[in-house]
S.K.: 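For reference, the structure I am asking about is given below.
We count ligands from 1, going down the list as the structure has it; atoms in each ligand are counted the same way. Quantities reported herein were computed from a predicted structural model and do not represent experimental measurements.
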Amino acid sequence: MSGYAIQTKQLTKRYDKQIAVNKVNLHVSAGKIYGLLGRNGAGKTTIMKMLMGLTEKTSGEIVIFDKMFRKGERDIYSRIGCMIEAPAFYPNLTGTENLRVMAKLRGVTRKDAIKKALGTTGLPFNDNKTFSQYSLGMKQRLAIANAIMHEPELLFLDEPTNGLDAIGIAEMRKLIKEMSTIQGKTILISSHILSEIALLADDIGVIHHGTLLEESSFSDLEKKNRKYLLFQVSQIAKASNILEQKFGLTNYSVEDNQYIRIYSFDVDIAEINRVFALNDIAVSGIQTRTDSLEDYFKKITGGAGIA
Ligand SMILES: Nc1ncnc2c1ncn2[C@@H]1O[C@H](COP(=O)(O)OP(=O)(O)OP(=O)(O)O)[C@@H](O)[C@H]1O
Ligand SMILES: [Mg+2]
């Protein structure tokens with residue numbers, strides 16, 4: 001056992017001349033929540049569709065539950081659930097009735113399957129409301145109930161919080177967390193919002209123009225985030241010059257024409273302050289800071305950022 005629920009090797013999808021997914025090596029640990037983060041058009045949905053066999057890969061390999069996922073694969077679907085693009089529910093049927101239809105289509109026979117899935121997602125079992133009368137949040141919940149009816153171990157959720165309000169998002173987050181911690185499911189979730197993934201996922205994969213730029217656990221990411229000293233000064237050019245000439249510092253950056261970030265704590269702050277004052281440079285603040293996740297992603301996506 002590899003410990004991974006999903007592994008891809010050089011997974012690639014090409015549409016005519018465009019490469020939508022480019023040699024992606026994904027490692028989704030069993031029992032964890034993995035967040036696939038990327039801007040619109042980055043390739044998130046295409047990856048999920050290939051993992052589900054909803055679209056054919058151009059090249060590369062997919063290994064799910066330590067088994068090569070091949071075209072025409074059938075057995076594996078009893079262990080996977082997905083919410084990729086909104087399922088077609090009947091507007092004039094209730095949630096329960098819709099799930100009954102879906103259960104029949106998908107061969108879900110367990111008696112309490114529908115009641116249990118609705119319970120998990122917080123929807124009523126006996127309700128007169130038809131799907132057309134559902135709020136967006138209820139529709140999303142029903143889509144998840146549909147995805148988990150057969151109690152899969154692995155769940156793909158493509159942007160499950162799309163269109164929800166703040167409370168809806170918080171509720172969805174709670175539901176996803178519970179499915180991971182209480183039920184032990186492995187969950188692959190996609191989003192274009194960094195803060196959302198940061199609050200939810202154990203591991204993150206950053207996809208940009210079809211390429212996986214970074215794959216890491218959040219705890220490792222925190223270690224990678226650089227700490228720095230932040231000086232707020234007047235006369236930024238003169239101050240930078242002094243740092244280089246007098247203190248031999250090169251690992252610093254300048255922003256907004258008034259802040260200098262020094263990426264080292266191995267400097268004599270008092271001495272820098274003194275020399276700045278001698279040269280008529282006013283220092284209006286000194287702080288120790290850590291790069292935010294946003295800073296970090298801006299850096300790895302070449303300034304474009306995510307979020
Ligand atoms: N059926 C298709 N035919 C041609 N190109 C496609 C097709 N599906 C997706 N693409 C292209 O592949 C790229 C990746 O699309 P994909 O839908 O995977 O991105 P995404 O990360 O899910 O974006 P979003 O956040 O907008 O959902 C895009 O440039 C898209 O236009
Ligand atoms: Mg998408």
S.K.: Could you check atom 23 (O) of ligand 1 against the protein and tell me its nearest heavy-atom contact, residue, atom and distance included?
M.R.: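 The closest one turns out to be Gly41 N, 2.7 Å.
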S.K.: Is the closest side-chain heavy-atom distance between Arg141 and Glu171 below 4.5 Å?
M.R.: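 The answer is yes; the side chains approach within 4.5 Å.
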S.K.: Is there a path of hydrophobic side-chain contacts, each under 4.5 Å between heavy atoms of I, L, V, M, F, W or Y residues, that connects Tyr259 with Val283?
M.R.: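 As far as the 4.5 Å side-chain criterion goes, Val283 and Tyr259 are not connected within one cluster.
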S.K.: Assess Arg289 against Tyr228: is NZ or CZ under 6.0 Å from the centre of the six-membered ring, and within 45 degrees of the ring's axis?
M.R.: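 No; the conditions do not both hold, so Arg289 does not lie above the ring face of Tyr228.
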S.K.: Look at ligand 1 and say whether Lys49 reaches it with a heavy atom at a distance under 4.0 Å.
M.R.: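 Under 4.0 Å: no for Lys49.
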S.K.: Just by distance, do the side chain of Arg79 and the backbone of Glu151 share a donor-acceptor pair under 3.5 Å?
M.R.: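 Not a single qualifying donor-acceptor pair exists.
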S.K.: Can you figure out which of Asp158, Asn40, Thr45 has its heavy atom closest to atom 17 (O) of ligand 1?
M.R.: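 Considering heavy atoms of Asp158, Asn40, Thr45, the nearest to atom 17 (O) of ligand 1 sits in Thr45.
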S.K.: Among all protein heavy atoms in this structure, tell me which lies nearest to atom 12 (O) of ligand 1, with the distance rounded to 0.1 Å.
M.R.: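 Atom 12 (O) of ligand 1 sits closest to the protein heavy atom Ala20 CB, 3.2 Å.
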S.K.: Is there a polar contact between ligand 1 and Gly43, counting only N or O atoms under 3.5 Å apart?
M.R.: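 Among all N and O atoms of Gly43, at least one is under 3.5 Å from an N or O of ligand 1.
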S.K.: Is there a heavy atom of Met48 sitting under 4.0 angstrom from any atom of ligand 1?
M.R.: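 No, Met48 has no heavy atom closer than 4.0 Å to ligand 1.
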S.K.: Would you say NZ of Lys246 has more than 12 non-hydrogen atoms from neighbouring residues, nucleotides or ligands within 6.0 angstrom?
M.R.: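 Not buried by this count: 12 neighbours or fewer within 6.0 Å.
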S.K.: Cation-pi check, Lys139 to Phe89: give yes when NZ or CZ is under 6.0 Å from the six-membered ring centre and within 45° of the ring axis, no otherwise.
M.R.: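 Verdict for Phe89: no cation-pi partner in Lys139.
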S.K.: Among all protein non-hydrogen atoms, which one is nearest to atom 3 (N) of ligand 1, and what is the separation to 0.1 Å?
M.R.: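 Result: Tyr15 CD2, 3.4 Å.
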S.K.: Look at atom 18 (O) of ligand 1 and say which protein heavy atom is nearest, naming residue and atom and giving the distance to 0.1 Å.
M.R.: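 So the nearest neighbour among protein heavy atoms is Thr46 OG1, 2.5 Å.
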S.K.: With no hydrogens and no angle check, do the side chains of Arg14 and Asn22 hold a donor and an acceptor under 3.5 Å apart?
M.R.: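 On atom types as modelled, these side chains do not qualify, holding no pair under 3.5 Å.
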S.K.: Determine whether a donor-acceptor pair (N or O, by modelled atom type, separation under 3.5 Å) exists between the side chain of Thr8 and the backbone of Ile62.
M.R.: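 No: the side chain of Thr8 does not pair with the backbone of Ile62.
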S.K.: Atom 25 (O) of ligand 1: which protein heavy atom is closest, and how many Å away?
M.R.: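 Nearest neighbour among protein heavy atoms for atom 25 (O) of ligand 1, to 0.1 Å: Lys44 NZ, 2.7 Å.
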S.K.: Using a strict 4.0 Å cut-off to heavy atoms of Glu159, name the atoms of ligand 1 that fall inside it.
M.R.: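 Every atom of ligand 1 under 4.0 Å from some heavy atom of Glu159: 25 (O), 27 (O).
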S.K.: Under 3.5 Å between any N/O of His192 and any N/O of ligand 1: does that happen in this structure?
M.R.: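 The answer is no, given that His192 and ligand 1 share no N or O pair closer than 3.5 Å.
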S.K.: Is the backbone of Thr45 close enough, under 3.5 Å, to the side chain of Asp158 for a donor and an acceptor to pair up by distance?
M.R.: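 No: the side chain of Asp158 does not pair with the backbone of Thr45.
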S.K.: Looking only at distances, can you tell me whether any N or O atom of Ala42, backbone or side chain, sits closer than 3.5 Å to an N or O atom of ligand 1?
M.R.: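 It does: an N or O of Ala42 is found under 3.5 Å from an N or O of ligand 1.
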S.K.: Which one of His208, Gln18, Lys13 has a non-hydrogen atom at the shortest distance from atom 29 (O) of ligand 1?
M.R.: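 The option holding the nearest heavy atom is Gln18.
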S.K.: Counting backbone and side chain alike, does Thr45 bring an N/O/S atom below 2.8 Å of the Mg ion (ligand 2)?
M.R.: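 Looking at Thr45, which is the residue asked about, there is an N, O or S atom under 2.8 Å from the Mg ion (ligand 2).
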